[in-house]
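What follows is a single structure, written as structure tokens, with notes after it.
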Amino acid sequence: MGKLDGKVALVTGANRGIGRAVAEGLVREGARVAVGARVLADGEAAAKEIGAGAFAVALDVADDDACRRAVEEIAARAGGIDVLVNNAAVAIDEGHRTADLPLDRFDRALRTNLRGPLVLVQLALPHMLKARWGRIVNVSTGMSRLGEGMSGGWPSYRISKTALNALTRNLAAEVASTGVLVNAVDPGWVKTRMGGAGATREVDAGADTIVWAAMLPPDGPSGELLKDRRATTF
Ligand code: NAP
């Protein structure tokens with residue numbers, strides 16, 4: 001028996017990288033998993049490789065209508081959404097610092113890394129509240145931490161992820177005692193296209209705490225930034 005038997009999950013940006021490993025992990029735990037991908041064919045290829053339990057949905061998280069269509073499709077197909085993993089993100093600052101950050105990059109990063117997760121929360125939460133059970137996992141980063149994460153550079157990436165942490169904590173307070181738990185996860189430095197070859201963690205290790213946070217027991221943490229299955233400081 002998997003811990004997520006009978007549950008339905010949506011993972012954004014699940015066609016590759018950490019999101020894909022998370023989708024695999026959730027399927028292993030018994031969930032039906034919607035593999036969100038902005039290029040549907042990429043999602044279909046990933047879902048096919050993951051196997052029974054995974055299906056692809058077209059989902060560009062920067063497009064409100066695409067978010068709405070994806071959630072409606074999942075609800076119609078699988079009966080609801082119990083787990084939302086906001087994984088898709090871009091890191092597009094590329095050498096820019098705060099003073100010279102092109103504002104179109106700032107807008108794109110905030111739209112993808114922050115607004116998309118917010119839109120999906122608004123669409124998925126009613127299903128979770130109705131079921132009196134839900135797990136929302138926002139994939140964050142150590143670079144979001146106000147204490148130790150702010151060493152300069154990557155301004156739109158850091159700012160969007162710090163704001164995602166704030167969204168996590170505020171939402172967790174709003175849904176306390178409803179059966180819905182909301183956490184952010186720092187996956188560590190992971191060998192993906194974003195993390196690069198010099199990263200220290202394999203993809204499965206990066207996915208581990210995200211999958212764990214998706215199947216927390218009712219008395220599990222909420223409103224936390226989790227790393228290696230433990231709460232860490234924001
Ligand atoms: P990745 O390999 O670059 O994969 C990013 C994924 O996000 C891809 O599937 C990409 O889709 C998708 N994506 C980007 N923009 C999208 C959009 N508008 N709509 C839908 N999907 C979109 O990155 P990763 O390393 O797996 O990162 C996954 C998460 O972990 C991110 O939230 C990242 O910030 C976080 N993280 C990563 C590291 C690390 O070291 N790798 C460290 C800390 C945190 P396409 O294939 O279509 O581009």
Side-chain angles (χ1 to χ4, degrees), residues 10-25 33-47 49-50 54 56-71 84-94 104-105 107-120 136-145 148-149 153-165 167-168 183-211 213-214 225-228 232:
L10 166 60
V11 184
T12 67
N15 53 293
R16 62 183 168 93
I18 295 171
R20 187 197 154 122
V22 169
E24 280 176 356
V33 179
V35 174
R38 59 179 159 180
V39 177
L40 182 60
D42 293 349
E44 285 171 342
E49 283 175 21
I50 294 170
V57 286
L59 177 51
D60 178 344
V61 301
D63 177 342
D64 295 354
D65 284 339
C67 291
R68 187 183 42 73
R69 282 195 302 272
V71 170
L84 169 62
V85 180
N86 279 313
N87 166 78
V90 289
I92 47 176
D93 297 304
E94 281 146 14
D104 59 336
R105 293 202 192 194
D107 289 345
R108 199 178 135 211
L110 271 281
R111 206 172 170 89
T112 308
N113 302 1
L114 179 64
R115 194 175 191 282
L118 169 63
V119 170
L120 287 168
I136 296 172
V137 188
N138 294 322
V139 181
S140 188
T141 166
M143 291 167 73
S144 71
R145 295 169 66 192
E148 294 172 13
W154 298 97
S156 72
Y157 184 68
R158 288 183 202 276
I159 292 166
S160 64
K161 293 289 189 176
T162 305
L164 184 64
N165 293 347
L167 186 161
T168 301
N183 289 289
V185 172
D186 170 8
W189 188 21
V190 184
K191 291 176 187 167
T192 63
R193 207 174 296 171
M194 187 188 287
T200 49
R201 288 196 172 184
E202 300 301 326
V203 177
D204 282 344
D208 175 76
T209 298
I210 301 168
V211 174
L225 174 61
L226 305 170
K227 184 173 187 192
D228 296 334
T232 184

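Indexing begins at 1, ligand by ligand and atom by atom, following the structure's order. As a basis for the values below, the full set of heavy atoms in this structure was taken, side chains included, without hydrogen atoms, waters or symmetry mates.
For ligand 1, the protein residues placed under 4.0 Å by at least one non-hydrogen atom are Gly13, Asn15, Arg16, Gly17, Ile18, Arg38, Leu59, Asp60, Val61, Ala62, Asn87, Ala88, Ala89, Val90, Thr112, Val139, Ser140, Thr141, Tyr157, Lys161, Pro187, Gly188, Trp189, Val190, Thr192, Arg193, Met194, Gly195.
In this structure Asn165 satisfies the side chain to side chain donor-acceptor pair (under 3.5 Å) test together with Ser140, Ser144, sequence neighbours excluded. Partners of Asp65 by salt bridge (charged side-chain N to carboxylate O under 4.0 Å, His left out), not counting sequence neighbours, listed by chain and number: Arg68. Legend: residues meeting salt bridge (charged side-chain N to carboxylate O under 4.0 Å, His left out) with Asp107, ordered by chain and number and at least two apart, are absent.
Under the side-chain contact (heavy atoms from CB on, under 4.5 Å) rule, Ile18 has a single partner from Val85, Asn87, Val11, which is Asn87.
Using a 4.5 Å cut-off on side-chain heavy atoms (C-beta onward), Ile50 and Val33 make no contact.
Under 4.0 Å is where a charged nitrogen must lie from a carboxylate oxygen, and between Lys161 and Asp186 no such pair does.
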